[in-house]
Amino acid sequence: MDSSTFLLLAVAVLGMLWQAQGLGTVSGLYGETVVVPCNEGAPPPEGLMFIKWKYERDDGTSGDLLVKQAHKQEATVQAESDYAERVAIAANSSLLISGASLADRRVFTCMMVSTSNLLEYPVTVEIYKRPSAPEIIDKAKMLDRGKAAVIGTCVGKDAHPAAELTWTRNGKPLIADGKAVVISSSVKMEPATRLSTTFSTLQYTATKQDADAAFACSAAHPLGAQVSAPEMFPIHYPTENLSLQVLSMGPIVEGENVTLKCQADGNPPPVSFNFHLKGVQVPVVGSNTYTLAAITRDAAGEYKCSLADNASIEDAHAIEVNYLDLSLSPTGKVLKKIGDKLNVTMEKNTSGHAKVSWTKDGKAAKAPAFERLTYADAGVYVCEVATGTLKRSLNFQLVVEGVPEITSLTKQRADSHKVLTCEALGVPEPSFQWSVNGTEVESSYANAKATHRIRVEPAANLTVTCSVSNKLGEDARTITVSSLIKEKTQEKGVGDEGYDQSKLIVGVVVGLLVLAALVGIIYWIYMKKRQGTWNTNEKEVGTSEESKKLEETTNNHSNP
């Protein structure tokens, strides 16, 4: 048997042993490398002679790609088309197709030839291309309320399969109804790349509520969804309502600047208004505000604003102006004499209920009323009146003056000297003068009370005078101060006060002795008369009258 006959016989046998396998599918990404497995990556059969990859041409015929002998490391590329530069075989016999395009969407067959069999594994390759991010083009610059207009066209470029586009408003899909929402879609394929571009045009009838609405376009695709950047469109509509606002942080106070703002609901907003200021019309162009400078209480009342081109569209607002007037008599520094009367008058005029409070030298006090002034009444009086956020205050300083008056002059013995203390009341502050020389110990003045202390060392009994004076007058008082030398010779514990008491006791004793002597003389005279009566034999009646007179005289002397 010659070699040619043997080859024909072998092919016939192998043909009978050939087994057709099921058709598999592999997906690849456009522009990437597609891996097409042979027999789903299973190990090759025993006795493998070679592996061959083929593909199905566009006309249905079969074309060779490459072949790899079992005993060789490298494969031989047999393709004559652009596959010659794009195909290779992997170590596991998979076919590698680089730079995948939609032209690679076809059937590729792996053929394994062994000493005992011929096996083929056809695989369908599908190529996917995700569209570029959707973009809204030909966008409208503005929309008129109630008028249908094209918002824009959404584009999903270069995809396979073609992207499905959906319009959304504030994240919710828009459903075409043929009236307010009209959506037109189309798909265009690029012949060179066979990629598809999807177009979707939205025609929309806007309302005022769409002024803040965000429109977007989403693209659905097997490889995932994408959303365009949101777009907002100005909605034009005429003004239907005005709102007059008073720009103030709180209640309006007299003297403040008050700004009126006329707010319109139209878009674009109008720029010309008429402000009606208590019957006076003031046109304003290019602004929707008007400022009332240094407003007064007389400016309170109703204010209006209206459109410059349509006076029937207007709004009004009432303005209240808070004010507070306060007067006080007297004010400033007030000089008064002690014992004087002082009338304090406070008057207020306010736009609302007012709270009145008084303080004296920073402490809460009652409303001052002075029928007869004393030194204690002196001080700084503040009257504060408050209503709402308004506060006013006035004050006066009361100074009560008087001739100085000594209230106390005392002495006190120390170890080797005596301390004389002179206290006086008076305003202005009185000055002190002593009739003796001494060393000043202490001097103070507060609340109209002045105190002055000196230290003396008398060698003899002294009569000391303390004199006080100010511009209004003077006062003086005297005190007796005994000698320190004489006191040292007296008994322990006897002081100036004991000496004075001794003199008083001696005076009382002398008085009693004089009284006793007087009674004795009267009694002696009485006895002499009695003797005369006996001698002259006078009647007892006369004697009784004298006795009665004597008793009266005695009683009068004994009860001085």
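As the structure is a prediction and not an experimental result, all values here were calculated from the model.
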Is any side-chain N of the basic residue among [X] and [Y] closer than 4.0 Å to the acidic one's carboxylate O?
X	Y	value
Glu347	Arg392	no
Glu401	Lys471	yes
Asp265	Lys208	yes
Lys139	Glu231	yes
Asp325	Arg297	yes

Quick one: does [X]'s side chain get under 4.5 Å of [Y]'s, heavy atoms only?
X	Y	answer
Thr389	Val253	yes
Ser469	Ser431	yes
Leu143	Ile151	yes
Leu307	Leu242	yes
Val246	Ile252	yes
Met346	Cys383	yes
Tyr381	Asp361	no
Val181	Leu202	yes

Quiz item: Given the rule in the salt bridge (Lys or Arg N to Asp or Glu O under 4.0 Å) test, do Arg145 and Glu240 qualify, once you have shown the distances and angles that lead to the verdict?
Solution: CA-CA 13 Å; Arg145 184 189 64 175; Glu240 297 177 348; 3.2 Å; yes
Consider only side-chain N and O atoms of [X] and [Y], and report whether a donor and an acceptor are under 3.5 Å apart.
X	Y	answer
Thr259	Thr289	no
Thr410	Ser408	no
Trp167	Ser200	yes
Thr345	Ser329	no

Quiz prompt | salt bridge (Lys or Arg N to Asp or Glu O under 4.0 Å) between Asp340 and Arg372, intermediate numbers included | solution = CA-CA 5 Å; Asp340 286 353; Arg372 185 176 178 83; over 6 Å; no
Exercise. Drop me the distance from Leu398's CG to Lys360's NZ, to the nearest 0.5 angstrom.
Key: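 If we round to the nearest 0.5 Å, Leu398:CG and Lys360:NZ are 8.0 Å apart.
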Quiz item: CD1/Ile295 to CG/Asn257 distance, rounded to the nearest 0.5 angstrom?
Solution: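 Reported value, rounded in 0.5 Å steps: 9.5 Å.
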Practice problem: List the steps and the verdict of ring pair (Phe, Tyr, Trp, His ring centres under 6.0 Å) for Tyr445 and Phe432. | Solution: CA-CA 12 Å; Tyr445 182 71; Phe432 288 80; 9.3 Å; no
Quiz item: Around atom CD of Glu440, are there more than 12 heavy atoms of other residues, nucleotides or ligands at under 6.0 Å?
Solution: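 Yes, enclosed.
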Quiz item: If you count the non-hydrogen atoms of other residues, nucleotides and ligands that lie under 6.0 Å from CG in Asn447, is the total more than 12?
Solution: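 Not more than 12 within 6.0 Å, no.
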Practice problem: Please confirm whether the backbone N or O of Pro134 pairs with a side-chain atom of Ser228, one donor and one acceptor, at under 3.5 Å? | Solution: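 Here the side-chain-to-backbone pair does not exist.
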Quiz item: Can you tell me if Ser248 uses its side chain to pair, donor with acceptor, with the backbone of Gly250 under 3.5 Å?
Solution: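 Answer holds: yes.
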Exercise. Tell me, with the steps shown, if Thr387 and His353 meet side-chain hydrogen bond (donor to acceptor under 3.5 Å, both in side chains).
Key: CA-CA 6 Å; Thr387 175; His353 175 71; over 6 Å; no
Self-check item: Minimum heavy-atom distance Pro230-Ala214, with the two atoms named
Solution: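 In this case the closest contact between Pro230 and Ala214 is CB-CB, 4.1 Å.
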Quiz item: Can you name the closest pair of heavy atoms from Leu165 and Cys154 and give their distance?
Solution: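 In this case the closest contact between Leu165 and Cys154 is CD1-O, 3.4 Å.
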Exercise. Run the numbers on Thr439 and Arg455 for side-chain hydrogen bond (donor to acceptor under 3.5 Å, both in side chains), then give the verdict.
Key: CA-CA 5 Å; Thr439 303; Arg455 183 174 63 186; 4.6 Å; no
Quiz prompt | Partner residues of Thr296 under the side-chain contact (heavy atoms from CB on, under 4.5 Å) criterion, sequence neighbours left out | solution =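 Testing Thr296 for side-chain contact (heavy atoms from CB on, under 4.5 Å), a comparison that skips the adjacent residues, returns Glu254, Asp298, Ala299.
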Quiz prompt | Evaluation steps, ring pair (Phe, Tyr, Trp, His ring centres under 6.0 Å), between Tyr204 and Phe215 | solution = CA-CA 11 Å; Tyr204 187 78; Phe215 294 85; 5.1 Å; yes
Exercise. Anything under 30° is parallel, anything over 60° is perpendicular, the rest tilted; go ahead and classify Phe396 against Trp358.
Key: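 Aromatic pair Phe396/Trp358 classed perpendicular.
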